[in-house]
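We're numbering straight along the sequence, starting at 1. Computed over heavy atoms, backbone and side chain alike; hydrogens, waters and symmetry mates excluded. Note that the structure is predicted; figures quoted are calculated from it, not measured. For ligands, and for the atoms within them, numbers begin at 1 and follow the listed sequence.
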Amino acid sequence: NGSKNKLGPFDWGVHVDTERKESAPVTSFKHAPMSGHWSDVAVGMKVEVLNTDCDLPSKVFWIAQVIKIAGYRAKLRYEGFEENSSLDFWCNLCTMEVHPVGWCATIGKPLVPPKTIQHKYTNWKGFLVKRLTGAKTLPGDFYTKVVESRECKFRSGMQLEVVDKCSISSMRVAVVDEVVGGRIRLLYRDSQDEEDDFWCHMASPLIHPVGWSQLVGHKLTATAEYKAASYAKTISKKLDPMDCPPDLFRKVREKTVDSSHQQFHVGMKLEAIDPLNLSTVCVATVRKVLREGYLMIGIDGMETPDGSDWFCYHQTSANIFPVGFCDLNKIELTPPRSYSAPFKWLDYLKKTKSQAAPVKLFNNEIPNHGFKAGMKVEAVDLMEPHLVCVATVVRVVGRLLRVHFDGWEDTYDQWVDCEAPDLYPVGWCEMMGYPLQPPLIKASPPTKTDTSKKRKSKKQT
Ligand code: MLZ
């Protein structure tokens, strides 16, 4: 599963150029580094970069102009090339290869024009003065901001609670093993298998501080000692030094109090993204109401008798929808497995003698996220969350996005919220030194054994 394939290393620039696709702007990813500073970056701005079109033995630099932006990456053209695109090249604006205009002057490095255009002018200094007057460049502290915005307070050795990837209705205790670019590799504690890991982003809704499970009433698979200690610690609010500080975790959105005092109740029906097959939105039921606004949701017709595949969603989660949401938005709703008649909510509610959860209870806020169908992103394959893959947003329904993994069958697609911390701008992996999974090459399309019935396993292969 390397980042290379038969055609050589994957090149995002070539990929977006050949597919003629846009990439989602960095500003769309609130959790991603530099998201809040990306207004500093624009097409037309000038930077200083290595001049590779040159025979000198020492490294020299030249001015280049940003002609296209794809996530963190930019396509550059050396100043003086005008309409000539022959030496255009892509690079990552958040790495040390790109510098603000003026950088060479401050460290005493010469600006040397590329060989291809050397003959064009004699007065290069005058040329540059003319070209650079009034030009926009990166702010001088751009890299300081890059470094600051990459900061992550999770440290290896810290302890927390995380969803059990093999039995998603339960939480387990885990220890942070590694942190890369705000993504965390967790190792389950009390596991037979030392490589029993789970990757997620630090803002993932799947991780919580020590004591959370008992606080909200979520099932927890842990030793009696852990349970007793974590309960005592939560009550006294005194955590151990190696317990992750609770303020490192993503806060759930406070819901404005509904004047009608409606609430989620056990048995209410809704539509939910199936946590074990993220390409489907399914008929679902509230199975348990926990404390602090958390719900255990079961997918109708899929549930194991012991409820081991119930899944915890917060009531403000953007992964649950009111009855009728799919119909309204022309999304295929997956009916309960054994349902033979064409699925109609009214009949189903009558037949199961149940109520639809009131529309008012759902998160209906649609942020101005900026994602559009066709945009390229780097996306975590949440079924194998150590994989960050080349992907395309293929549908936008309000705040909900359908992400397609380039080269893979549609059955691998995933519905995700626009604020999911598992989506990154193009160039994120390169910037973080994390391997990027290239598109699957079409020669041998993968076939699923039985895509219609078999739910994907959460287990990482
Ligand atoms: N073992 C898996 C890898 C799938 C990864 C897909 N990522 C989009 C399989 O071949 O099914």
Side-chain angles (χ1 to χ4, degrees), residues 1-7 9-12 14-16 18-19 21 23-24 29 32 70-71 163 165-166 168 180-181 183-186 193 195-201 204 206 273-281 302 309 319 334 371 373-396 400-418 420-430 432 434-461:
N1 259 339
S3 56
K4 292 184 184 193
N5 57 44
K6 276 180 256 129
L7 303 176
F10 174 71
D11 184 328
W12 252 128
V14 171
H15 192 58
V16 296
T18 48
E19 292 207 351
K21 287 282 165 62
S23 302
F29 307 80
V163 170
K165 66 179 178 186
C166 299
I168 59 167
V180 185
R183 303 194 77 235
I184 312 174
R185 179 177 189 239
L186 295 167
D193 174 6
E195 287 298 295
D196 196 7
D197 69 353
F198 186 77
W199 279 92
C200 65
H201 190 267
S204 167
L206 304 178
I273 298 177
D274 180 350
L276 292 176
N277 182 356
L278 299 165
S279 69
T280 60
V281 180
M302 302 283 199
D309 57 2
N319 290 1
T334 306
F371 286 104
M375 284 179 167
K376 296 287 175 190
V377 295
E378 296 186 2
V380 176
D381 177 347
L382 289 158
M383 291 296 132
E384 301 194 37
H386 61 292
L387 301 178
V388 179
C389 315
V390 170
T392 310
V393 173
V394 287
R395 260 195 91 180
V396 179
L400 184 65
L401 313 179
R402 187 173 173 95
V403 170
H404 173 75
F405 295 101
D406 290 19
W408 294 83
E409 282 183 22
D410 295 350
T411 47
Y412 286 90
D413 287 6
Q414 299 185 346
W415 287 109
V416 291
D417 183 50
C418 64
D422 312 297
L423 296 179
Y424 310 104
V426 163
W428 182 91
C429 281
E430 175 182 41
M432 297 304 182
Y434 194 90
L436 174 67
Q437 304 304 313
L440 186 73
I441 301 303
K442 287 266 154 52
S444 53
T447 40
K448 281 274 188 67
T449 28
D450 182 359
T451 47
S452 59
K453 296 272 156 52
K454 206 170 154 278
R455 301 169 85 205
K456 282 185 249 171
S457 153
K458 190 101 187 169
K459 229 172 132 70
Q460 299 176 35
T461 50

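Proximity of the aromatic rings of Phe29 and Phe371 is defined here by a centroid distance below 6.0 angstrom, and this criterion is met.
Under 4.0 angstrom from ligand 1, the non-hydrogen atoms of Glu384 all belong to its side chain.
Between Phe10 and Trp12, the ring planes are perpendicular. Angles over 60° get that label, and only those under 30° would be called parallel.
A salt bridge does not link Arg395 to Asp413: none of the charged side-chain nitrogens sits closer than 4.0 Å to a carboxylate oxygen.
In this structure, Arg185 forms no cation-pi arrangement with Phe198, as its terminal cationic atom is not both closer than 6.0 Å to the ring centre and no more than 45° off the ring axis.
Residue Trp408 has no N or O atom closer than 3.5 Å to an N or O atom of ligand 1.
Close approach of ligand 1 to Phe405 is summarised as follows: ligand atoms under 4.0 Å from at least one heavy atom of the residue are 8 (C).
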